[in-house]
Amino acid sequence: MNQTSNQPKPDILAKVRADLDTCEVPVRDDIAQAHATFLTRLAQPGTWWTGAERVALAAEARAAVHCDFCSERKAALSAYTLQGTHTTAAGSAQILPEIAIDAVHRIIRDATRIIPRLIEMFEQAGLTDGHYVEALGIAVSIRSLDQVCRGLGVAPHTLPSPVPGKPSHYRPQGLKTGESFVPMLGKSTPAPPNDDLWTTKNSANVYRAMSLVPDAVRDLTLLASAQYLTPDQLLDLNCGRTLNRAQIETVAARVSAINECFY
Amino acid sequence: MLRASVEMNGKTVNLRPLSTGVTDNVDDENIGSAVDGAKDLIEFTDAVLGDDDALLVKRRHQVISAVGPKGFVDAACVVGNFERMVRIADGAGLPLDNAIKAFSEDIREDLGINQYASATHSKKTGPLMRYIAQLARPLVGLLFKLKARLPFSIS
């Protein structure tokens with residue numbers, strides 16, 4: 001495991017706070033802390049990608065929002081036959097394999113039509129299912145941060161400068177296949193050093209989904225705990241924030257419906 | 001989760017405006033009476049996920065009036081959070097958690113959620129499990145709480 005940063009870099013935190021300070025109402029500081037900690041981790045070498053590649057994946061998640069080819073493909077009957085060129089972030093094509101760019105664009109623009117073949121295409125390109133899961137984690141986290149900022153009416157956070165170093169290629173023990181497109185750890189508390197990911201009583205599939213890359217689960221928990229609820233609060237239906245639980249779940253359900261997400 | 005959280009407080013909820021996005025009829029008969037500020041929260045969510053920036057400014061002010069500044073911040077954060085959750089589920093081909101699948105069988109059918117492309121990731125709930133879930137639905141809040149306290153998984 002490489003990502004041990006549980007504290008944001010001071011300069012990143014200062015920038016994130018400055019972004020959130022432009023909101024017309026005060027934004028609680030745990031949001032700034034979580035966003036800045038994620039961006040601090042993003043810059044570091046990950047499990048399968050370098051820091052530069054991770055930041056490029058994040059930039060690509062942003063570029064996908066305005067990609068004309070993605071719009072054309074989303075309207076097409078089949079998501080896997082149309083050929084074309086993505087609108088990419090500056091420099092991404094020099095840093096990232098084409099399949100990684102394509103996957104990030106699909107995750108952002110056409111996620112409901114992702115099929116196991118996409119992960120096979122990763123493997124055919126000499127990458128691994130771990131590369132896919134880490135790219136998925138980065139793409140969705142940046143999307144999450146950006147949508148929070150859009151909702152609040154503030155500019156998206158600046159992406160951090162990458163930290164040099166090599167990815168760890170760490171693969172946890174005890175992975176199981178067959179439940180989803182990617183191998184996942186079981187429902188019970190994972191063995192050390194991943195026993196912090198969840199406990200038997202609060203495991204949810206959405207956390208397990210990223211467990212091929214344990215640090216991606218840690219990112220998920222970090223952001224969800226500030227933006228939604230902690231894993232322990234999830235099962236207590238009386239638990240809310242300023243919004244009560246029913247109000248929170250109204251927003252969550254509407255996001256799922258617009259995205260046509262079954263989950 | 002929404003239905004369970006509303007029913008725990010002795011209310012019922014019609015979830016149709018959530019699937020259609022039509023908020024004109026949010027009145028005493030459906031989600032509007034069960035969830036304070038539902039109309040404003042739904043319209044704000046739609047605006048964040050849409051591309052009309054001027055409308056988003058309007059919806060932002062609407063939701064601040066409805067649920068207050070802190071509630072607005074919560075709402076923006078939940079939108080962002082679920083923009084991530086749904087893509088993880090779809091990107092990983094994730095099946096629904098067993099307990100949620102059993103308890104939501106009826107509304108998924110009613111709201112057309114079973115027609116979504118990603119529905120194929122989850123196996124259908126068997127008739128016995130569906131029957132048990134139907135009987136246990138009034139206790140769903142308690143069951144979730146129990147699940148959180150047990151040292152083993154019941155899903």
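Every chain is numbered from 1, with letters handed out A, B, ... down the list of sequences.
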| request: Below 4.5 Å from any heavy atom of chain B, which atoms of C23(A) appear? Answer side chain, backbone, both or neither. | output: side chain
| field | Spatial distance of atom CD1 (I88(B)) from atom CZ (R143(A)) [nearest 0.5 Å] | value | 13.5 Å
| query | If you tally heavy-atom pairs under 4.5 Å against chain B, which of I31(A), D146(A), L229(A), L152(A) wins? | reply | L152(A)
| task | Tell me, out of A103(A), A246(A), G137(A), who's got the most heavy-atom pairs with chain B below 4.5 Å. | result | A246(A)
| request: Answer with side chain, backbone, both or neither: which region of R87(B) has an atom nearer than 4.5 Å to a non-hydrogen atom of chain A? | output: both
| Heavy-atom side-chain proximity of V79(B) to V148(A) below 4.5 angstrom | no
| Pair D53(B) + R150(A), salt bridge at N-O below 4.0 Å | yes
| said: I need the L41(B) CG to L243(A) CG distance, nearest 0.5 Å. | reply: 6.0 Å
| said: Please find the pair of heavy atoms, one from G80(B) and one from Q147(A), that lie closest to each other, and give the distance. | reply: CA-CB, 3.9 Å
| field | Atom CG of D195(A) with >12 non-hydrogen neighbours under 6.0 angstrom | value | yes
| In Å, rounded to the nearest 0.5 Å, how long is the span from CG of L94(B) to CE of M210(A)? | 10.5 Å
| To the nearest 0.5 Å, what is the distance between CE (M85(B)) and CG (L223(A))? | 9.5 Å
| query | Relative to chain B, which segment of S188(A) carries a heavy atom at a distance below 4.5 Å: side chain, backbone, both, or neither? | reply | neither
| Polar contact flag, side-chain donor to acceptor under 3.5 angstrom, Q247(A)-D36(B) | no
| In chain order, what residues pass the salt bridge (charged side-chain N to carboxylate O under 4.0 Å, His left out) check against R59(B), with sequence neighbours excluded? | E43(B)
| task | Would you mind telling me which of G153(A), G240(A), A226(A) has the largest number of heavy-atom pairs within less than 4.5 Å of chain B? | result | G153(A)
| said: Show the nearest heavy-atom pair for residues E83(B) and V255(A), with the distance to one decimal. | reply: N-CG1, 3.7 Å
| note | salt bridge (charged side-chain N to carboxylate O under 4.0 Å, His left out) filter on R117(A), not counting sequence neighbours, yields none
| task | Against chain B, label L136(A) side chain, backbone, both or neither, depending on which of its atoms sit under 4.5 Å from a heavy atom there. | result | side chain
| query | Quick one: of A253(A), P26(A), S141(A), who has the most non-hydrogen atom pairs under 4.5 Å with chain B? | reply | S141(A)
| query | Which atoms form the tightest heavy-atom contact between N81(B) and Y228(A), and what is the distance? | reply | ND2-CB, 3.3 Å
| What distance separates F82(B) CZ from I248(A) CD1, expressed to the nearest 0.5 Å? | 9.0 Å
| Approximate separation, where rounding is to 0.5 Å, of H35(A) NE2 and C77(B) SG | 6.0 Å
| query | Ignoring hydrogens and geometry, is there a side-chain-to-backbone donor-acceptor pair from S180(A) to G93(B) under 3.5 Å? | reply | no
| said: Under 4.5 Å from any heavy atom of chain A, what part of L49(B) do you find: side chain, backbone, both or neither? | reply: both
| query | chain B heavy atoms under 4.5 Å from L220(A): which part of the residue, side chain, backbone, both or neither? | reply | both
| task | Mind ranking I142(A), V182(A), V27(A), T242(A) by heavy-atom pairs under 4.5 Å with chain B and telling me who comes out on top? | result | T242(A)
| query | Are the charged groups of D74(B) and R28(A) less than 4.0 angstrom apart, N to O? | reply | yes
| field | Test item: E24(A) and H61(B) side chains (from C-beta on) under 4.5 Å apart, heavy atoms | value | yes
